[in-house]
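Values reported hereafter were calculated over all heavy atoms of this structure, with side chains retained and with hydrogens, waters and symmetry mates removed.
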Amino acid sequence: MLPYKVKDLQPLDDWRSDFRDVYARELAQLEYCDLYSGSPYRACMTLNEAYRRDIHPGPTVPFVGMMSRVEDGRIIDERLPKTFRATYAANPDLKRLNSSGEFVPAFFRNVFQRDVTDEYVATSDVEIDCSDEEAAAAYLCVYGDNDWTAVDYAMISGGKAKFSKIGRNIVYLPVTYSQTGVKKALCEPFILGYDGTVNKLAPGEACVNACLDRKYPVFKYVWDYAKLVENGEFEASDDPTFSCGVMKIHTIPTGRAVGGEIDVPDTVPALRYWRYINRLPDTFGSMAELSFYAGGSDEPMKGRVIGTEGSWENNSAWKRENLFDGDVLTSYCAPQGVGCWVGLDFGKPVKLSKIRYTPRGDGNMIEPGDEYELLYWADGHWRSLGRKETMSVSFGDIPEGALLLLRDRTKGHDERIFLLDSEGRQEWW
């Protein structure tokens with residue numbers, strides 16, 4: 001990046017390697033957020049913020065990225081299918097739609113609005129074959145609020161429906177509506193790519209296996225807290241202060257917003273005190289749930305809660321007892337950023353077989369005890385691939401290339417459609 005030198009005979013240095021090492025961890029953490037993963041924009045934002053925090057250039061440096069903020073805005077990270085602007089004049093196209101005598105979704109009954117999508121994002125036009133339909137209008141839907149929701153319309157003419165100015169990098173489903181408001185799919189869902197190409201999503205004949213760990217993508221409000229478990233450690237000792245005889249059980253390798261199950265090695269003897277601690281700065285011992293198990297039992301062991309007393313800002317909503325209340329939506333946040341810990345005193349040495357933990361989050365990671373159903377879209381409907389109740393939900397015989405949906409049948413309502421990449425990881429849409 002220019003200018004590299006600001007004066008003659010300035011010593012050269014390998015600044016790229018130096019900065020790569022210094023900020024590697026902060027950049028790697030972007031992978032834990034589905035909104036930020038793979039985003040050059042967020043990588044740039046992250047580096048500039050780090051530079052402003054750590055480097056203090058003098059007033060004579062005229063060109064440094066950190067000196068000005070990257071443009072920010074709501075839609076930079078998010079996908080935008082359509083945008084309508086309220087108007088004082090009635091939209092003649094919407095008036096014609098509402099006079100067709102057919103069912104019209106509630107949003108499009110308001111004729112005082114017009115399409116301005118191309119003022120905000122790159123768009124494309126897509127034409128759909130409607131030769132077998134008698135309806136006057138077709139609609140494009142995206143998946144949201146647990147159903148396909150119409151975001152655009154087009155009048156059918158000559159057996160075709162042409163949708164104009166629709167946002168890219170989004171999955172759409174073309175439909176018509178019956179007079180009673182029942183949707184009928186016109187064809188398979190499709191992805192409108194960044195380059196405007198259309199890729200239809202039809203299940204293939206080959207099948208794949210996958211181990212799923214969430215039913216909803218990780219957004220910033222989850223990422224901010226879930227990433228704080230990275231490098232967190234589990235330890236055990238017969239010393240209540242953990243000053244001596246400490247056994248290292250496990251170090252959490254990533255800050256992904258998924259629960260974890262740790263097998264305690266047989267070499268770890270029976271010990272009385274077991275704890276969780278994170279020695280990285282500004283991690284606050286953050287965690288939502290923690291449980292310890294002995295032998296082949298699936299019932300968590302009981303013990304006396306020990307560790308750092310108090311909570312952040314003395315707020316009882318973040319007390320250490322929350323780690324053992326069985327509720328993933330309550331959590332522990334320590335009074336200081338580093339050096340705090342929490343655990344259990346079992347009253348006597350115990351030999352454990354496994355530890356389970358859940359980072360702070362939104363309740364959308366796979367939770368033990370809940371029943372999950374995996375569905376795939378085929379022939380205009382969601383079809384079930386069965387139900388499972390485990391720590392991580394593993395399914396076989398998933399049609400390759402199918403659009404998928406994981407639903408918690410026990411509780412909660414958040415869900416999002418996804419595909420599987422070549423390594424079986426979830427790609428959210």
Could you tell me which non-hydrogen atom of [X] sits nearest to which non-hydrogen atom of [Y], and how far apart they are?
X      : Y      : result
Arg407 : Tyr143 : NH2-OH, 3.5 Å
Ala50  : Tyr23  : CB-CE2, 3.2 Å
Ile355 : Phe234 : CG2-CE2, 3.9 Å
Asp362 : Leu329 : C-CD2, 3.6 Å

Is there a donor-acceptor pair closer than 3.5 Å between any side-chain N or O of [X] and the backbone N or O of [Y]?
X      : Y      : value
Asp238 : Gly245 : no
Lys82  : Ala150 : no
Tyr372 : Glu367 : yes
Thr117 : Thr83  : yes
Gln113 : Phe107 : yes
Ser394 : Cys211 : no
Thr123 : Asp118 : no

Once the angle between the rings of [X] and [Y] is folded into 0 to 90°, is it parallel (under 30°), tilted (30 to 60°) or perpendicular (over 60°)?
X      : Y      : value
Tyr177 : Tyr139 : perpendicular
Phe84  : Phe108 : perpendicular
Trp382 : Trp148 : parallel
Phe190 : Tyr172 : tilted

Side-chain contact test, heavy atoms from C-beta onward, threshold under 4.5 Å: evaluate it for [X] versus [Y] and give yes or no.
X      : Y      : answer
Leu419 : Ile191 : yes
Leu186 : Thr176 : yes
Ile306 : Arg275 : no
Leu385 : Ile398 : yes
Leu140 : Leu173 : no
Thr46  : Leu30  : yes
Asp282 : Val338 : no
Ser353 : Val264 : no

Evaluate side chain to side chain contact (heavy atoms under 4.5 Å, CB included) for Trp274 paired with Leu344, printing each intermediate quantity in order. CA-CA 6 Å; Trp274 295 70; Leu344 290 179; 5.6 Å; no
Salt bridge flag under 4.0 Å for residues [X] and [Y]:
X      : Y      : answer
Lys215 : Asp408 : no
Glu31  : Arg425 : no
Lys319 : Glu321 : no

From [X] [atom1] over to [Y] [atom2], what is the distance, rounded to the nearest 0.5 angstrom?
X      : Y      : atom1 : atom2 : answer
Tyr153 : Ser164 : OH    : OG    : 9.5 Å
Glu309 : Cys340 : CD    : SG    : 11.5 Å
Arg409 : Asp370 : CZ    : CG    : 12.5 Å
Phe418 : Gln426 : CZ    : CD    : 4.5 Å
Asp152 : Phe163 : CG    : CZ    : 6.5 Å
Leu192 : Asn199 : CG    : CG    : 10.5 Å

Tell me whether the NZ or CZ atom of Arg109 lies within the 45° cone about the ring axis of Phe103 and under 6.0 Å from its centre. yes
With Arg416 as the cation and Trp428 as the aromatic partner, state whether NZ or CZ is under 6.0 Å from the six-membered ring centre and within 45° of the axis. no
Decide yes or no on side-chain hydrogen bond (donor to acceptor under 3.5 Å, both in side chains) for Asp239 and Ser237, but give the supporting numbers first. CA-CA 5 Å; Asp239 177 5; Ser237 177; 5.2 Å; no
Partners passing salt bridge (Lys or Arg N to Asp or Glu O under 4.0 Å) against Glu26 (at least two apart in sequence or in another chain): Arg53
As a test of understanding, state which of Glu289, Arg320, Arg360 forms a side-chain contact (heavy atoms from CB on, under 4.5 Å) with Tyr332. Arg320
Among Ile252, Leu280, Thr254, the one residue meeting side-chain contact (heavy atoms from CB on, under 4.5 Å) with Asn231: Leu280
May I have the step-by-step check of side chain to side chain contact (heavy atoms under 4.5 Å, CB included) for Trp429 and Asn169, ending in yes or no? CA-CA 9 Å; Trp429 293 89; Asn169 196 35; 3.3 Å; yes
Leu228 vs Asn278, test: side chain to side chain contact (heavy atoms under 4.5 Å, CB included). Steps then yes/no. CA-CA 8 Å; Leu228 299 181; Asn278 196 326; 5.8 Å; no
Would you please test Arg168 and Arg79 for side chain to side chain contact (heavy atoms under 4.5 Å, CB included) and show each step? CA-CA 8 Å; Arg168 298 174 181 173; Arg79 299 164 185 166; over 6 Å; no
Tabulate below the donor-acceptor pairs under 3.5 Å that side-chain atoms of residues 310-317 make, not counting sequence neighbours, or state none.
residue, atom, partner, partner atom, Å
Ser311, OG, Asn315, N, 3.2
Ser311, OG, Asn315, O, 2.6
Asn315, OD1, Ala317, N, 2.9

Please check if any side-chain donor atom of Thr197 sits under 3.5 Å from a side-chain acceptor atom of Asp195, or the reverse. yes
Chi angles and distances behind the salt bridge (Lys or Arg N to Asp or Glu O under 4.0 Å) call for Arg214, Asp414: CA-CA 10 Å; Arg214 286 186 61 86; Asp414 288 341; over 6 Å; no
